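These numbers come from the heavy atoms of this one structure, side chains and all, not from hydrogens, waters or symmetry mates. If you're wondering where the values come from, they're calculated on a predicted model, not measured in any experiment. By convention here, the first residue in the shown sequence is residue 1.
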Amino acid sequence: MKSLITYFSQHIPAALLLCTLALAMNIAYAQESAKEEDFFKIAKVSSPEGTILEVGGLCTLPNGDIAVTTRRGDIFIVENPSSAKPYFRKFASGLHEVLGVAYKNGSLYVVQRGELTRLYDSNMDGKADVFETIYAWPLSGNYHEYSFGPKIAPDGSFFVTLNLGFPDVWWHAQSFVPWRGWTLHIFEDGTMEPWATGMRSPCGISMIDGELWYTDNQGDWVGSGSLMPIKKGAFTGHPGGLRWTGLPNSPLHLTTEEVYKYVNPRLEFDANNQAVKPQNIVNEKFATEYQIKSVIPQLQLPAVWLPHGIYGISNSEIVKIPKGVFGPFEEQLLVGDQGQSKIMRVFMEKVNGEMQGCAWDFRSGFQSGIVRLTWGNEGSLYVGETNRGWGSAGDANQGLQRLFWNNQVPFEMRTVKAMPDGFEISFTKPVDKKYAEDLSSYTIESFIYKYQSVYGSPMVNTEKCPIKGVKVSADGLTARIIVGNLRKNYIHHITLEGIRDMENKYSLVHPSCYYTLNNIPEGSKLSMAEVSTKNTAKTISNTTAVNGVYTYAQIKPLLVKYTCVACHNPDKKQVGPGFIDIAKRQYSIDKILQLIKNPQPKNWPDYATPMAPMPNVPASDARKIAAWINSLAAKK
């Protein structure tokens, strides 16, 4: 930098020197830490002009071609998908909302809105000419009765998940006809066994190492997205599907009334026995899912929570990274998200016989909402996208993209494992011990979500977890930290802002992660004699407003806590309008408080997804947020 400044002072007029130096210093600053795009590249898979790829399903065929299904009912076979000019061959059309596809024994199996269908090209002309219904399920006609899958089990059978329906008058999903809100196990001969219920909007059905998993979307009874196994006879949380547990072939016999004993939404019923006017009544003894599980053992808890608004808002497909692919992260999981147009990474481990683990951001910046993922034979991850009018961080409304690794290793947390007295964190590159042995480099707090009938949940019961000591391995690739106030069944937010790598002094690409601590393992604990307790932290207040207005850095924790960032960006359109666009409306603070608790979608007709009411935001915090929003109106 010194030689650069000397050159500038000798060759650039004085009037330009300050501006040039500022630019040079900004460039130097920008290079202090690498970014996602420096390691994992996104490429567009070009489709023929006029082709609408609102992707609902993806799968890789044995020869490396990619089968693509669309919400609009088309099926394409993409030949040479990684080439500059892939060839799209239309295999079938005219189907009903194809939201999944799988390959088996020369046939494609797809889920339409009302059935599992087998497609086969019997005369080998490149187009399907055999369409066979394997199994059909009831439909009520509700717009939200999406159907997902199939996923093929190790024995060749199929799994399908069915979305609940949504009434027009309020956000409370219901099962209008049998098996909505269920996972179905279907066999080639057309027989079906109900497998599990409790699903709300189970778009992310996935088969991982021969076991069925899924992601659900935040909403009523679902405080946040998560990864969860679907075991036979399980209840995964939403009581809508319990309406059908009295049918003869149901694998569980839990009733809605049994759930309502502990979490009562106080529903009234109309003449058609449909619930109306929900009002949530919470027994604080049973305010969270792990508390409910003590009295309803059928309840399946999430293995890994994906905090809403941070790691997506509409979680979708899960895939496992194959061996030899994506460098240090092989055999970990990737999870797509429709609303935030990004992919998260998950590491899981088994503790006391149950799966749990840690989630990170992985790659953002996709052109549209991510619904489906599949691995190409050449090691790329193919990403199927649509925003379907729901809105997404990516501006496009559909598309197919490819994510690939450039063989450069990012500085990241590779894994986080639970220890009897804290966590063990491994890194992809050696850390600088000057920073890694300083307790001020680490912060942890824990929280959980409510189990309630109203829409979503804030983070609740948040507490700090003091860092008491750290032991860094000789090779600098592992740091084991002693953590106070560990809480079983809580999500632990781990932040390593102070960590730097040994070589470049870079910070971590993603310095923050969330570990779901379902169990604390037994075993030996570190002694204080073998750990570093150095702490160079300085206490800095960041809660003082200037002239009654908070900065974005000060207000961001509240925006995260109340999930505002799930749909709103400070300065651009996301799922909802940017905060700066709200500021231009010049609402009073009292008006903003009113709209937080009782949104008016008619005020924003260009946004397809209406805002859910947020009565959980305290007035004191809402006023801080409102004051900050209004301060944006003066910014250019």
Which donor-acceptor pairs under 3.5 Å do the side chains of residues 227-241 make with protein atoms, sequence neighbours left out?
{"unit_1": "K232", "atom_1": "NZ", "unit_2": "E193", "atom_2": "OE1", "d": "3.0"}
{"unit_1": "T236", "atom_1": "OG1", "unit_2": "T197", "atom_2": "O", "d": "3.4"}
{"unit_1": "T236", "atom_1": "OG1", "unit_2": "G198", "atom_2": "O", "d": "3.0"}
{"unit_1": "T236", "atom_1": "OG1", "unit_2": "M199", "atom_2": "N", "d": "3.4"}
{"unit_1": "T236", "atom_1": "OG1", "unit_2": "Y214", "atom_2": "OH", "d": "3.1"}
{"unit_1": "H238", "atom_1": "ND1", "unit_2": "G240", "atom_2": "N", "d": "3.0"}
{"unit_1": "H238", "atom_1": "NE2", "unit_2": "D220", "atom_2": "OD2", "d": "2.7"}

Check: Do we see a donor-acceptor contact under 3.5 Å between the side chains of S446 and R487?
Finding: yes
Check: For Q340 and K342, does a side-chain donor sit closer than 3.5 Å to a side-chain acceptor?
Finding: yes
Margin query: Set out, in order, the CA-CA distance, both residues' side-chain angles and the distance that settles salt bridge (Lys or Arg N to Asp or Glu O under 4.0 Å) for K468 and D421, then state yes or no.
Written below: CA-CA 10 Å; K468 298 182 176 181; D421 53 357; over 6 Å; no
Check: Which class fits the ring pair W305 and Y449: parallel under 30°, tilted 30 to 60°, perpendicular over 60°?
Finding: tilted
Next item on the list: For the pair F326 and F362, name the ring-plane relationship: parallel under 30°, tilted 30 to 60°, perpendicular over 60°.
Entry: parallel
Between [X] and [Y], does the ring centre distance come in under 6.0 Å?
X    : Y    : result
Y311 : Y514 : yes
F404 : F40  : no
F579 : H568 : yes

Margin query: How close do V409 and P328 get, counting heavy atoms only, and between which atoms?
Written below: CG1-CG, 4.2 Å
Next item on the list: Compare all side-chain heavy atoms of L58 with those of L373 and state whether any distance is below 4.5 angstrom.
Entry: no
Item checked: Side-chain heavy-atom pair L517, I491 within 4.5 angstrom cut-off -> no
Check: Does the pair E530/K471 count as a salt bridge with the N-to-O cut at 4.0 Å?
Finding: yes
Check: Among pairs that include at least one residue of residues 488-500, which meet salt bridge (Lys or Arg N to Asp or Glu O under 4.0 Å), considering only residues two or more places apart or in two chains?
Finding: none
